[in-house]
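Reading through the structure tokens given below for one structure.
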Amino acid sequence: MILPANEENILIASKIIKEGGIIAFPTETVYGLGANALNKDAVIKIFEVKRRPYFDPLIVHIDNISWLEKLTVNYKNKIVEKLIDVFWPGPLTIVFKKSEIVPYITTGGLETVAIRMPKNDIALKLIKYSGFPISAPSANKFGYISPTSAYMVYEQFKEEIDIILDGGKTEIGIESTILYVENENIYVLRLGAISIDEIESVIKKSVLISEKIKSPGQFKFHYAPYTKVVIFDNIDEVISCIKDYKSAVIITDKKESINLPNNVIYDYFSESGDLREIAKNLFEKLYYYDKMNVDIIFVKSVKEEGIGRAIMDRLRKASGRYALKL
Ligand code: TXA
Ligand code: MG
């Protein structure tokens, strides 16, 4: 059931969390599927409902820095403290060594735990009222597009989740950036809402993209619609092959006037091509056209700068099954 995220319903949802249930709620990035992160049986339900492999760990959401002492061991490090100071609450997830109270089911069997403090009042209240940190993956079936609205969650789970708190469309639209700090080195495990440039300008050193240290959840196919997605750079290449399809969608980064045959639907992510707006609309548009059952979705690539890197990461994974070339 979708419920407006008012005070009363946040309280009802927090009661479900306290009692070991799961609910869906908005964050500033995407909607999450939440349970008490410290309750093994509750966390197992997330994996079951989402059909997620158990080795793929969950992010633990907190409302208060004081949880770090309890959930982690030796979290104090100058770089980490700086990152927290600048980016929390916000879409930055940091991987720490876990303490004993964090169950292995939450961390996919790892000795580390990924933690973030969301910048969304509904999420923060939910954590506060339930009295526990909330482990929450994106509220989609494993491998499918992450939801940016309550309706996208509902369509995927129907009555499998008792309560979906509706906080409207999420502000950012793609997931948090995940970092791992080891002594003086900072590795990015997942590109996301906070760009590497932003992080580097705060910590005044380079962030490493490591092949060695990886997030177990970084699969080649992910965030993927059932419909074939193909990324293109040049519209002429698309136009030369588009007659081969009964129905096709072309989505560009910014509004353009293009002459297209009538088997083609044209759309754009942002009128001006603003990268933040593209991120915000990305999953929603892919979801919408996936539901429309067209033969193919062509998506224009974006500049790989700032949040554009995370957008291209998501697009490549959405098109993962297929060659990136036409
Ligand atoms: O924006 C977000 O991060 C959203 C919202 C709901 O907070 N959550 C999200 O969760 O994207 P999920 O489960 O879809 O992705 C979590 C990623 C996975 O790739 C997982 O492998 C990684 O975080 N992860 C979790 N714990 C980890 C750990 N201890 N070490 C390395 N990677 C970890
Ligand atoms: Mg996810």
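Note that the structure is predicted; figures quoted are calculated from it, not measured. Position 1 is the first residue of the sequence, and the numbers go up from there. All ligand and atom numbering here is 1-based and tracks the order in the structure.
- Remark: among candidates T29, L58, I172, V95, the nearest residue to atom 1 (O) of ligand 1 is T29, based on non-hydrogen atoms.
- For atom 13 (O) of ligand 1, the nearest non-hydrogen atom from the set K98, R52, E28, K50 comes from R52.
- Looking only at distances, a side-chain donor or acceptor of N64 sits under 3.5 Å from a matching main-chain atom of S66.
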- [ ] Mind running side chain to side chain contact (heavy atoms under 4.5 Å, CB included) on V73 and K98 for me, showing each step along the way?
- [x] CA-CA 6 Å; V73 177; K98 82 171 195 74; over 6 Å; no
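- Taking a 4.0 Å cut-off on heavy atoms, I178 registers as neighbouring ligand 1.
- In this structure, E200 does not pair ionically with K205, as no charged nitrogen and carboxylate oxygen lie closer than 4.0 Å.
- Looking at R116 and E28, a side-chain N of the basic residue comes within less than 4.0 Å of a carboxylate O on the acidic one, giving a salt bridge.
- The heavy atom nearest to atom 14 (O) of ligand 1, considering only A114, G32, S138, is found in S138.
- The six-membered or imidazole ring of F96 lies away from that of Y180, with a centre-to-centre distance of 6.0 Å or more.
- Every atom of ligand 1 with a heavy atom of L189 under 4.0 Å away is listed here by number and element: 31 (C).
- Looking at heavy atoms from C-beta onward, L3 lies out of side-chain contact with I164 at the 4.5 angstrom threshold.
- In summary, the atoms of ligand 1 found under 4.0 Å from a heavy atom of S176, numbered by their order in the structure, are 1 (O), 2 (C), 3 (O).
- For ligand 1, the atoms closer than 4.0 angstrom to any heavy atom of R190 are 2 (C), 3 (O), 9 (C), 11 (O), 15 (O), 16 (C), 17 (C).
- Set against the non-hydrogen atoms of T112, the atoms of ligand 1 under 4.0 Å away are 28 (C), 29 (N), 30 (N).
- Of all the heavy atoms of D56, the ones lying under 4.0 Å from any atom of ligand 1 belong exclusively to the side chain.
- Y144 and Y226 have parallel rings, their planes meeting at less than 30° on a 0 to 90° scale where 60° marks the start of perpendicular.
- When only modelled atom types and interatomic distance are considered, Y151 and Q156 share no side-chain donor-acceptor pair under 3.5 Å.
- For ligand 1, the polar-atom distance check against E175 finds no nitrogen or oxygen pair separated by under 3.5 Å.
- Residue-ligand proximity, L110 to ligand 1, at heavy-atom distances under 4.0 Å covers atoms 28 (C), 29 (N), 30 (N).
- Within ligand 1, counting atoms from 1 as listed, the ones closer than 4.0 Å to a heavy atom of P137 are 10 (O), 12 (P), 13 (O).
- A donor-acceptor contact closer than 3.5 angstrom links the side chains of E175 and S146.
- Polar contact check, H61 against ligand 1: a nitrogen or oxygen pair lies under 3.5 Å apart.
- At least one N, O or S atom of S138, from either the backbone or the side chain, sits less than 2.8 Å from the Mg ion (ligand 2).
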